There are 2 protein chains.
Amino acid sequence: MPLLRSWVESANAPDTDFPLNNLPYGVFSTPDLDGRRMGVAIGDHILDLFALSETGVLRLTEDGPDPFREDSWNAFMALGPETWADLRAMLTEALSEDAPDRAQSALRPALVPGWSVDLHMPFRVSEYTDFYSGRHHAENVGRIFRPDGDPLSANWLSMPIGYNGRASSVVVSGTPVRRPLGQLPTRELPVFGASKRFDFELEFGAIVGQPSDGMISLKRAGEMIFGYVLLNDWSARDIQRWEAQPLGPFQAKATATTISPWIVTAAALAPFRCPPPERSRDLLPYLDAKGDSAYDIDLSVTLAPDGADETVICRSNTKYLYYNSAQQLTHHTTSGCPMRVGDLLGSGTISGPEKHQRAALLELSWGGKEPIPLDTGDTRAFLEDGDTVTLRGAARGDGYRIGFGDCAGQVLPAPDV
Amino acid sequence: MPLLRSWVESANAPDTDFPLNNLPYGVFSTPDLDGRRMGVAIGDHILDLFALSETGVLRLTEDGPDPFREDSWNAFMALGPETWADLRAMLTEALSEDAPDRAQSALRPALVPGWSVDLHMPFRVSEYTDFYSGRHHAENVGRIFRPDGDPLSANWLSMPIGYNGRASSVVVSGTPVRRPLGQLPTRELPVFGASKRFDFELEFGAIVGQPSDGMISLKRAGEMIFGYVLLNDWSARDIQRWEAQPLGPFQAKATATTISPWIVTAAALAPFRCPPPERSRDLLPYLDAKGDSAYDIDLSVTLAPDGADETVICRSNTKYLYYNSAQQLTHHTTSGCPMRVGDLLGSGTISGPEKHQRAALLELSWGGKEPIPLDTGDTRAFLEDGDTVTLRGAARGDGYRIGFGDCAGQVLPAPDV
């Protein structure tokens, strides 16, 4: 699909994350406007949907409460895929360079400059599930922690392994992250203190926009996914190592999970489907996705010491995920588990096959044994206080990109014990 | 503490779960009243707090929205421990046999016969965490699954091991539970089908009534716990066995978790504190609870085949829990994990040291190898379709009991594959 040109000139620049083809959804505030508002990014501006609703320009439904008077996208998501398509079609038409002057005049007063806003959580996270669907990551972790065993657990090639995370700890990009306290293993008994092996994980997050009751098909699961964010699953490797048997990670993953501020819709990413990795084992029919079930989205991670320039430490791509979000969501419902509007599914860490594609410091420094160099002359085995980690991602079209905005967080020192 | 006598005569019967000393909180509806209402159980009646609020008899706060017009106890919990104490004091006085005639006349129209009501979820579950703090259970499971290893993992005596569960799957007593589908292990590759090893777990659930941000002390954790319920953590052992490495249980525990309908307050249970089990290892200072940190509450489990009488298959007691809810809650916040009003903490399965105190079929039938006899002449290794499992519990005072009401669920056949 070619670039769709907009009368918002900055949306036509080849390096913007937000061309007319994207139209991602967020929540913003400014010092001048009341409260938090739902908005759509277009070039270097944000379209204020509350303002459009106030003036009657935007009206999706004849009856029912107005979904654009909320401070999250949950109520809108609950309206379902037809309404999702309606809003996208309406915005695409009204922001197109072919839109009549009347449409441009109606929308122009609701365009807020992007530099003037604060961005907030775009949706209320109902529950958060984190999967483990990056094969190279799972294999690297297996090799680091169980050098003599099979790098993958026996079940890995048969199902998307996942665990429930903590929704209350999900924060939006820009929120500082305090290094956690916890029980740290020693050769003898554990000690209590600040994690010494605090890490990031580069992930892709899917947002469930419709509820379910009972097991659903892959097709239905695909229809239920509203959109995607980048996701940093901050992880304390020392806490994790000591606590995780036999019931899995708990406090090691509960400090924070940072997401990018814009929900990039499934519709915007549809042109960027690609084949999934080759299957090493046939999938059971309920998980057997046909065709181009993966996405081709370039990803990167940078690390910047406090007050210093950032170094790119990882370049990867969502195409390395062995299971996609629809497979994860279908598997999530096999037990009858009800899913809800606002559920967030983390993909698992997306490492590629090459060294520079490793998507966590645990892998990059091989368990801390091989610290990596930064452009500043520093090295890193794990994160230090003051470090800022930034995830970026973009699907690449012909002369444009579908971007997510930065997913960034700075590590603050641990609280006093 | 002696029985507090009430002018509601049925509350003075020695076998009621709901004497004046209890005053548990629930949500009910009747065919005659509008919507779901907050209520308090007293003998065989329920006091309708919505009705009392309507008539102006019940007024806790001068300003702010009325918490008794909600269909859950969350808004009331959010008001905090002083308000919790105020309501309890007010109800205790007004329902006492010493209450003036005026108080009795004001309350009497709001008494609804218990037999006429449907009970609903008493609170909205924000997030659900399930711990593993029953030592005898953990040791039995270790012996069944790892006969050659140490029955307890190395970390168990140092911290309350737990994992995040699925809040959307928590249901109130009486809700049928459909046998789950899932991947079942075989000697070769897994097959997809209905769980053949569906089980219950007898647990005690704590409800977090105040939010936190950052790590909290044991003292603060104790103040944040609003009350308790009985909790059945339905578990598919075959699904669990195949999926649980390396990230813990997921779909095996996501079908349903049943709770009893009444929140028995921490205040009502305060007289029933008792010493915790002996410590085999010193706890780190942040977990080191002094004094009578356990509860002495008798528990039982019955199993009734479809249309047949129930058999008591387990008798246990909360005093066997190695870590209490405050220890679990404090540990939950070590990483900085924010806690929210309405979080539910499952205790872990509460088995005692004796055979008849084993609190899951996995243990009772020793991994399915030794089916247990029922009074009906049937035997059970795991649950069969139509079986009803009922948990009951009561703290025993002098001539009265503080009960929870039944926590029951019937197993329905699995959906068609």
Side-chain angles (χ1 to χ4, degrees), chain A residues 126-130 132 141-142 145 153-155 158-159 161-169 177-178 180-183 185 189-192 195 214-215 236 239 242-256 281-282 284-286 331-332 334-340 343 415, chain B residues 126-130 132 141-142 145 153-155 158-159 161-169 177-178 180-183 185 189-192 195 214-215 236 239 242-256 281-282 284-286 331-332 334-340 343 415:
Chain A
S126 295
E127 299 195 59
Y128 164 47
T129 307
D130 194 26
Y132 192 57
V141 170
F145 285 136
S153 55
N155 49 21
S158 292
M159 63 165 68
I161 296 293
Y163 66 99
N164 298 297
R166 179 79 197 176
S168 66
S169 71
V177 174
R178 198 164 280 288
L181 302 173
Q183 289 197 18
L189 289 177
V191 297
F192 191 78
S195 170
M215 186 179 167
I239 295 171
W242 171 239
E243 75 176 0
Q245 281 304 324
L247 299 183
F250 180 47
Q251 288 305 286
K253 303 275 196 172
T255 302
R281 187 187 291 170
D282 284 346
L284 285 161
Y286 80 96
H331 182 70
H332 210 319
T334 48
S335 65
C337 179
M339 303 303 296
R340 300 197 285 201
D343 284 341
Chain B
S126 295
E127 299 195 58
Y128 164 46
T129 307
D130 195 27
Y132 192 57
V141 170
F145 286 136
S153 55
N155 50 21
S158 293
M159 63 164 71
I161 296 293
Y163 66 99
N164 298 297
R166 181 77 196 177
S168 67
S169 71
V177 174
R178 198 165 279 287
L181 302 174
Q183 289 198 19
L189 289 177
V191 296
F192 191 78
S195 170
M215 185 176 167
I239 296 171
W242 171 239
E243 75 174 2
Q245 282 302 323
L247 299 184
F250 181 47
Q251 289 304 286
K253 303 275 195 172
T255 302
R281 186 189 291 172
D282 284 346
L284 286 161
Y286 81 96
H331 182 69
H332 210 318
T334 48
S335 65
C337 179
M339 302 304 295
R340 299 196 286 201
D343 283 341

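Quick caveat, the model's predicted, so the values are computed rather than measured. Per chain, numbering begins at 1; letters A, B, ... match sequence-line order.
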Polar side-chain atom of Glu127(B) near backbone of Ser168(A) as donor-acceptor pair, under 3.5 Å |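 Confirmed, Glu127(B) side chain pairs with Ser168(A) backbone.
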Report yes if the side chains of [X] and [Y] come closer than 4.5 Å at any heavy-atom pair, otherwise no.
| X | Y | result |
| --- | --- | --- |
| Thr334(B) | Pro180(A) | no |
| Gln183(A) | Tyr286(B) | yes |
| Pro246(A) | Phe145(B) | no |
| Tyr128(A) | Asn164(B) | no |

Given that the side chain runs from C-beta out, which part of [X] has a heavy atom under 4.5 Å from chain A: side chain, backbone, both or neither?
| X | answer |
| --- | --- |
| Leu284(B) | side chain |
| Pro415(B) | neither |
| Met215(B) | side chain |
| Asp343(B) | side chain |
| Ser195(B) | neither |
| Thr255(B) | both |
| Ile239(B) | neither |
| Ala154(B) | both |

Do you know which of [options] has the most heavy-atom pairs with chain A at a distance under 4.5 angstrom?
| options | answer |
| --- | --- |
| Ser158(B), Ala236(B), Gly336(B) | Ser158(B) |
| Pro285(B), Pro190(B), Pro185(B) | Pro190(B) |
| Gly142(B), Gly165(B), Ser169(B) | Gly165(B) |
| Ala244(B), Ala256(B), Ala167(B), Gly182(B) | Ala167(B) |

So which of Ala252(A), Gly214(A), Pro249(A) has the biggest tally of heavy-atom pairs under 4.5 Å with chain B?
->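 With the most close heavy-atom pairs to chain B, the winner is Pro249(A).
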Please determine, among Arg281(A), Arg178(A), Met159(A), the option with the most heavy-atom pairs under 4.5 Å with chain B.
->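 Of the candidates given, the most pairs with chain B belong to Met159(A).
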Could you look at Ser153(A) and say if it's the side chain, the backbone, both or neither that has a heavy atom under 4.5 Å from chain B?
->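 For Ser153(A), side-chain heavy atoms alone lie under 4.5 Å from chain B.
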Give me the one residue out of Gln251(A), Arg166(A), Lys253(A) that meets side-chain hydrogen bond (donor to acceptor under 3.5 Å, both in side chains) with Ser335(B).
->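 The single option meeting the side-chain hydrogen bond (donor to acceptor under 3.5 Å, both in side chains) with Ser335(B) is Gln251(A).
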